[in-house]
Amino acid sequence: MQPEKQKTSLIRRVLQSISEAVLIPFLAIVTAVLIGGLIIKVVGGDPFVAYKALLQGAFGSKKAWSETAIWSTPYIFAGLAVALAFRGGLFNIGAEGQLAFGAVFSALIGYALPEWLGFDLPTYIHLPLAILAGALAGGIWAGIVGALKAYTGGHEVINTIMMNYIALNMTSFLVGGVMKDKNPLNVISRTPLIAESARISPIFTGLRIHWGFALALVMAFVVWWLLNKTTLGFEIRTVGLNPDAAKYAGINVKRVIIITMLFSGILAGLAGAIEVTGLNYRHELGFSSGYGYDAIAIALLGKSHPLGVVLASFLFAAMRNGATRMQFMTQLPVDLISMIQALILLFVAADAIVRYIYRIKVKGERVVLTRGWGG
Amino acid sequence: MKKLYFVMALVIIASMMLTACGAPAAPVATEAPAATEAPAMTEAPVAATEAPVATEAPSTDCTSPDVFCVGVVTDVGKVDDKSFNQSAWEGVQKSKDDGVADIIQYIETTDAKDYAKNISQFGDAGYDVIVTVGFGLGEATAAAAALYPDVRFIGVDQFQAADVAGVTGLNFPEDNAGFLVGALAAQMSKSAHIGGVFATDLVPPVWRFGEGYRAGALYINPNIKIDVVYHNDVGFDKTFTDPEWAANAANAMVDGGADVIFAGGGKTGNGAVVAAAQRGIYAIGVDTDQYFTLPEAAPRILSSAMKLIVPGVATLIASAKDGSIKDGNFMGDAGYAPFHDLDGEVSAEVKAKMEEIAAGLLDGSIKTNVAPVKP
């Protein structure tokens, strides 16, 4: 009888932990949507028409699904970047800058490499090179912050924010200067179009959804595998939970911190590289409406679990994508969507509010997201 | 007890959701007959024009050939940006007030990758005219024109290097605008010495503003002293964003005796306008009425060399409706902004002369003789 009993209690515990992980974000979303509806009502709109339009815009047609997937692609990459750092006890605020660097270097290899070499490259060489350039640019940019943290103790929150300024301004300098599209009619800061051989092809003709989306899902699996099935992943998680214990257990904490930031930056760089090679075919200033910052919200909402990140990315993508239709049908300002997103984040981050509203007891250990300033 | 609270909360949420689903059914049901009545009431024009206003879903009407619909897609800006987007939207509003357009609507773009999607919102809804604002939408507009052959596209500030079927680029004679304020400056200068500060003569519109200004001043007074500088000594990344340089240039001109300064070219131009205003001389702005966009300089802004986007957009929409619109480039009109606070200092003779010159430029009896690009 004894093993049987243990088994059922194990299943119950697993179920409990799943419901615990899913319930709070779900209730946070529901609460935010309800409050958002009230706000729409207050500003004179009809919340039912607005939300219906939002859903239509996000899922109402094949094209809508495709656009939602397109929106979710950079969110998944960048969300994984932030989530991976979270699991290693690091707060990567710098995804936005790493993403911009990824985009710029991917675009550079995309349009300039054939010029430098003097001959055209086949896609199977050129495209991976362009993506790799973006991934490495993001990785190195974040890796610097990891090294600063490991060897000087410089806090990664401050340093990633500072590195964001450097990256974004350098990007603007490059794209408006030496990398600017030289076409005399062009008046805006953007690079030339990348070569055909550096482009990711669409999955279906007529829709914009491209193979970069599939790559994003694969990367989510890879991150899960890395974290849960490899020694390195175990080390990352251990350092994230308790660096002192990790040190006593013989883990090289400095090395793990640098590697964690490096991988996080590679993921963020991929977000930029895939946007360039799969969708925009060039880098243009103002191309990112803050994916790197939304990514922090996505990682929090997804509880830093790769599957959670994918789901949260879909939610944010659906809201962003459906917002156009909502605005078209109701002429409500698109900023409302940002507000609802902020509310969701607020309720997830301050889950005590949600627990209080819905009277949910705290069960088991809480997920440790970061160790805060003292770490 | 806790469970009871939870169940109650769920019941409340469920009831909210159910009412949410129930409520929209009512307005939809009452709307439907109104929509079907509308075509039947064509003999009663008053009722027919009211119908589209009464129905809340404009998308259902625009497929009808009797309803003329105009949509605006902004670049990454808002319809109240006090600049191109706002002017384009006001032009569309004017076409509605003039009775040309029946239904008007705008979508504000939050992310450059949504250009195509936002345009297709209007295209799929059967809109007759889609106005896209800004150079950045040029490629998306041309691509959409191929997808929606029945739609007329108006691209504000999108110079058409080659004709695209279905696309009309709305451009402006900057040299005429420069000519007007040049003539104004020459008449208002007491020292017969005026100045001009511009970003770069390598960007054709800026060159046309600057040389038009020179030509206009010489038209009034062939012996006037004109200082004109272009910020060509720096790269493209800096030339439009260097207010300090422009302020120094303007101050040097004032020290040399100039008492009117016209400036153009993004932040660089603004720097000179503000500096001139601080020195208490007459300042002249560019593109839009900068009395509203540069409040710190407003009391000394004599006028602005304006691209008349509002009437340009309205004119093109009217010609799209009567079928006389053509592919390629359409030259809108240039003008000068009201004198605002300085109206009392401008004599009746000067005002009359300005109206005479504006009329002359319009009917072609006065020519600026400025080359479209720097030779």
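The chains referred to below are lettered A, B, ... by the order of the sequence lines, with proteins before strands, and numbering in each begins at 1.
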**Asked** Just wondering, do K78(B) and D335(A) contact through their side chains at under 4.5 Å, heavy atoms?
**Response** yes
**Asked** Has the side chain of E108(B) got a donor or acceptor atom that lies under 3.5 Å from a matching backbone atom of P333(A)?
**Response** no
**Item:** Engaged part of L174(A) at the chain B interface, taking heavy atoms whose separation is under 4.5 Å
**Value:** neither
**Message:** Would you compute the distance between atom CZ of R320(A) and atom NZ of K113(B) and round it to the nearest 0.5 angstrom?
**Reply:** 10.0 Å
**Message:** Taking side chain as everything from C-beta outward and backbone as N, CA, C, O, which of these in D124(B) sits under 4.5 Å from a heavy atom of chain A? Side chain, backbone, both or neither.
**Reply:** side chain
**Item:** Separation between NZ of K117(B) and CH2 of W71(A), rounded to the nearest 0.5 Å
**Value:** 7.0 Å
**Asked** If you measure from CZ on R325(A) to CD1 on I107(B), what distance do you get to the nearest 0.5 Å?
**Response** 9.0 Å
**Message:** Looking at F59(A), I want to see if its CZ is surrounded by more than 12 non-hydrogen atoms of other residues, nucleotides or ligands under 6.0 Å.
**Reply:** yes
**Message:** Measuring from atom OG1 of T324(A) to atom CG of D111(B), what distance do you get when rounded to the nearest 0.5 angstrom?
**Reply:** 9.5 Å
**Asked** Are any side-chain N or O atoms of Q331(A) and backbone N or O atoms of Q105(B), one a donor and one an acceptor, separated by less than 3.5 Å?
**Response** no
